[in-house]
Colleague: 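If you scroll down you'll find the structure; I have some questions about it.
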2 protein chains.
Amino acid sequence: MSDLFPKKGHDHDRCVHSALAQAEKVCDSENARFTDMRRKVFTLIWQSHKAVTAYELLDALTAEGQRVQPPTVYRALEFLTELGLVHRIESLNAYFGCDRPDCEHLGQYFICTDCGRVAEAVNEDMSNAVRKAARSVGFTIQATTVEIKGLCHDCATH
Amino acid sequence: MSDLFPKKGHDHDRCVHSALAQAEKVCDSENARFTDMRRKVFTLIWQSHKAVTAYELLDALTAEGQRVQPPTVYRALEFLTELGLVHRIESLNAYFGCDRPDCEHLGQYFICTDCGRVAEAVNEDMSNAVRKAARSVGFTIQATTVEIKGLCHDCATH
DNA sequence: CAGAAAATGATATATTATAACATTTCATCA
DNA sequence: TGATGAAATGTTATAATATATCATTTTCTG
């Protein structure tokens with residue numbers, strides 16, 4: 001069984017750090033500004049293994065001493081999702097960092113209803129099945145939402 | 001190319017009628033009460049080819065002369081979704097009638113961003129790909145959300 | 001019919017999201 | 001280098017979506 005959810009003991013700080021580096025690269029190549037606010041929001045999202053809501057981000061920023069209003073957070077989220085740096089989990093009204101912002105993909109999300117962790121998968125079987133189904137009914141895909149809720153392996157077995 | 005979205009001239013009243021009959025059967029077999037309010041909400045949902053929001057239902061009920069509050073609508077929606085008579089489209093915060101309430105399925109939704117119509121598919125390729133992906137990472141599925149946005153054939157070609 | 005359970009009514013409020021306009025920041029180039 | 005225009009953020013208000021709680025009504029069951 002492959003690892004999807006992070007294993008115990010993985011170095012999360014390092015993941016966040018490398019995600020930041022990658023985000024900077026993406027912004028650079030898009031001539032988009034990775035401002036302080038955007039960086040803060042991005043970092044907060046990446047620091048969590050769970051999907052984070054806009055108002056949780058708002059609270060976290062406030063706790064950091066910023067006095068921030070909803071539009072500020074939503075704008076940062078809009079920016080980050082448009083660049084593909086962050087994905088919105090529709091069934092949670094929450095946001096999650098994207099592992100592979102540099103490549104086009106139809107991502108899929110596994111969401112554990114017990115521990116709350118989220119994992120992104122980029123599974124070609126699923127993507128291809130979606131593309132094929134769309135083709136067979138003459139549907140032109142613009143965006144896909146594939147969210148799978150249930151129990152991660154840890155929660156199912158412990 | 002198979003038909004997914006309804007063709008021009010199909011008899012929608014008849015669809016609604018048969019959906020009502022089927023809903024009654026399902027409620028019967030579950031010993032659940034298909035009350036007036038639930039029937040009204042179900043009918044309003046089925047009368048639309050688009051997904052309908054809770055507050056649109058509220059307005060429609062009000063227009064019919066009922067004076068209804070949000071909890072009433074949300075309770076009816078909860079009842080209907082729990083029985084599988086209606087599905088919630090997460091990416092739209094809206095509800096759509098289920099064609100096949102009588103069988104277990106992982107449904108997929110095609111949502112046209114131009115005309116707004118929604119179509120449910122029950123595509124085994126997609127379902128199997130989802131199940132297989134979950135199995136391969138040790139994930140136990142409780143619920144799936146597969147929503148595909150784009151252009152339906154009509155809108156893409158006209 | 002009495003009593004319990006289920007459904008709905010009513011009120012209030014929580015949560016999620018955006019519109020509109022003011023101000024600040026930043027890249028550009030005259 | 002500092003004027004200027006575009007982009008980003010600040011600020012205020014409000015819209016849209018959803019639920020908690022308790023009261024009342026309806027329905028089922030014995």
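Values below: all heavy atoms of this structure, side chains included; hydrogens, waters and symmetry mates excluded. Chain identifiers are assigned alphabetically (A, B, ...) following the order of the sequence lines, protein sequences preceding nucleic acid strands; residue numbering begins at 1 within each chain.
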Colleague: For B:P71 and B:L92, find the nucleotide of DNA chain D closest to each by heavy atoms; which residue's nucleotide sits nearer the 5' end?
Modeller: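 Final value for this comparison: B:L92.
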Colleague: Is A:R88 near enough to C:dA17 that one of its side-chain N or O atoms lies under 4.0 angstrom from OP1 or OP2?
Modeller: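 Result: yes.
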Colleague: Can you check whether any acceptor in the base of D:dA18 is under 3.5 Å from a donor in the side chain of B:Y55, or vice versa?
Modeller: yes
Colleague: Can you confirm whether more than 12 heavy atoms, excluding those of A:H12, are under 6.0 Å from its NE2 atom?
Modeller: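 Yes.
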Colleague: Atom CZ of B:F34 and atom C1' of C:dT8: how far apart are they, to the nearest Å?
Modeller: 16 Å
Colleague: Measuring to OP1 and OP2 of D:dA18, would you say a side-chain N or O of B:R75 lies under 4.0 angstrom away?
Modeller: no
Colleague: Would you call A:K149 and A:E147 a salt bridge, taking side-chain N to carboxylate O under 4.0 Å as the test?
Modeller: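 No, this pair does not count.
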Colleague: To the nearest angstrom, how far is B:R67 atom CZ from C:dT8 atom C1'?
Modeller: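 Distance check: B:R67 CZ to C:dT8 C1' gives 14 Å.
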Colleague: Strictly below 4.0 Å, N to O, side chains only: are B:E24 and B:R39 in salt-bridge contact?
Modeller: yes
Colleague: Using a strict cut-off of less than 4.0 Å between a Lys/Arg side-chain nitrogen and an Asp/Glu carboxylate oxygen, indicate whether A:D102 and A:K25 qualify as a salt bridge.
Modeller: no
Colleague: B:T81 versus B:H87: any side-chain heavy-atom pair under 4.5 Å?
Modeller: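 Not touching, per the 4.5 Å side-chain cut-off.
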Colleague: Looking only at the side chain of A:T35 (C-beta and beyond, no hydrogens), which of the listed nucleotides C:dA17, D:dA8, C:dT16 gets closest?
Modeller: D:dA8
Colleague: Could you state the CD-C1' distance from A:E56 to C:dA14, rounded to the nearest angstrom?
Modeller: 14 Å
Colleague: Please confirm whether any donor atom in the side chain of A:Y74 sits under 3.5 Å from an acceptor in the base of C:dA19, or the reverse.
Modeller: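 A donor-acceptor contact between them is absent.
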Colleague: OP1 or OP2 of C:dT8 less than 4.0 angstrom from a side-chain nitrogen or oxygen of B:T72, does that happen here?
Modeller: no
Colleague: Could you check how far CG of A:D59 sits from P of C:dA14, rounded to whole Å?
Modeller: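 It works out to 14 Å between those atoms.
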Colleague: Check the distance between D:dA7's C1' and A:D36's CG and give it to me in whole angstrom.
Modeller: 15 Å
Colleague: Within this structure, what is the NZ-to-P distance between A:K40 and D:dA8, rounded to whole angstrom?
Modeller: 17 Å
Colleague: Could you tell me how far apart A:M37 (CE) and C:dC26 (P) are, to the nearest whole angstrom?
Modeller: 13 Å
Colleague: What is the distance, to the nearest angstrom, from the CG atom on A:N31 to the C1' atom on D:dA7?
Modeller: 13 Å
Colleague: If the cut-off is 4.0 Å, is B:R38 near the phosphate of C:dA7, judged by side-chain N/O to OP1 or OP2?
Modeller: yes
Colleague: Within the structure shown, what part of the strands sits under 4.0 Å from A:R33 by heavy-atom distance: base, sugar-phosphate, or nothing?
Modeller: sugar-phosphate
